[in-house]
Amino acid sequence: LIRTSFLALLVRMIGVSTGFFVTLLTSRFFGADALGLVSICIAILSFASVFGKLGLDVALMKYVAEFAGKNEFASIKSVYISAMKIILPVSFLISSVLFFLSGYFATNILHKPYLEELEGELSQAKEKWEKFEDSSENAWDDIRDGLGQSLKSMQQAFEKAKKHFP
């Protein structure tokens with residue numbers, strides 16, 4: 001019990017610490033305006049998360065504990081799968097709605113129409129990054145091939161030279 005609770009405490013502390021450092025770095029490097037925007041986005045995502053889980057996370061804890069006490073592990077699996085069949089489509093629907101309404105939120109709710117432009121620039125930056133990664137992989141392949149050919153040439157030259165020295 002103590003080991004399990006310590007592990008839960010440790011995970012919770014890591015989460016809280018990460019949140020603190022994100023807040024600190026956002027406010028220090030991007031200012032109060034960006035921190036406010038991040039806070040609003042986190043609040044919207046938290047709100048969506050509550051709706052997406054539909055309260056089934058709490059119900060699952062109850063049933064899992066009950067079935068585990070009775071060693072009914074097949075029932076645990078069944079309840080978990082049933083919950084996932086509900087949670088996953090609802091969460092996907094909520095995520096899709098938030099994604100497609102992001103421009104509306106930026107313009108009409110947050111009154112920051114430039115966020116929609118930034119979203120477009122972000123997608124362009126992602127495309128450029130993917131192209132860069134592809135070219136980097138190709139460059140490493142070229143370097144490996146060139147190195148292999150150089151080593152093969154050196155080996156052939158060594159074999160030829162070896163014939164002249166008994």
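Both backbone and side-chain heavy atoms feed into the values below; hydrogens, waters and symmetry mates do not.
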Which distance, rounded to the nearest 0.5 Å, do you find between the [atom1] of [X] and the [atom2] of [Y]?
{"X": "Ile14", "Y": "Leu9", "atom1": "CD1", "atom2": "CG", "value": "10.0 Å"}
{"X": "Ser82", "Y": "Ile87", "atom1": "OG", "atom2": "CD1", "value": "10.5 Å"}
{"X": "Leu101", "Y": "Ser96", "atom1": "CG", "atom2": "OG", "value": "10.5 Å"}
{"X": "Lys53", "Y": "Ile86", "atom1": "NZ", "atom2": "CD1", "value": "15.5 Å"}

Is the shortest side-chain heavy-atom distance between Lys62 and Val58 below 4.5 Å?
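No, every pair of side-chain atoms sits at 4.5 Å or beyond.
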Do side-chain atoms of Ser78 reach the backbone of Ala74 as a donor and acceptor pair under 3.5 angstrom?
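No.
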For [X] versus [Y], what's the shortest heavy-atom pair and its separation?
{"X": "Ile76", "Y": "Ala68", "result": "CD1-N, 3.7 Å"}
{"X": "Leu60", "Y": "Ala83", "result": "CD1-CB, 3.8 Å"}
{"X": "Gly52", "Y": "Ser91", "result": "O-OG, 3.7 Å"}

Between Val64 and Val79, does the side-chain contact (heavy atoms from CB on, under 4.5 Å) criterion hold? Intermediate values first, please.
CA-CA 8 Å; Val64 166; Val79 168; 5.8 Å; no
Using a 6.0 Å cut-off, check whether atom OH of Tyr63 has over 12 heavy atoms from anything other than its own residue.
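No, not enclosed.
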Anything under 30° is parallel, anything over 60° is perpendicular, the rest tilted; go ahead and classify Phe51 against Phe47.
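The arrangement is perpendicular - the two ring planes meet at more than 60°.
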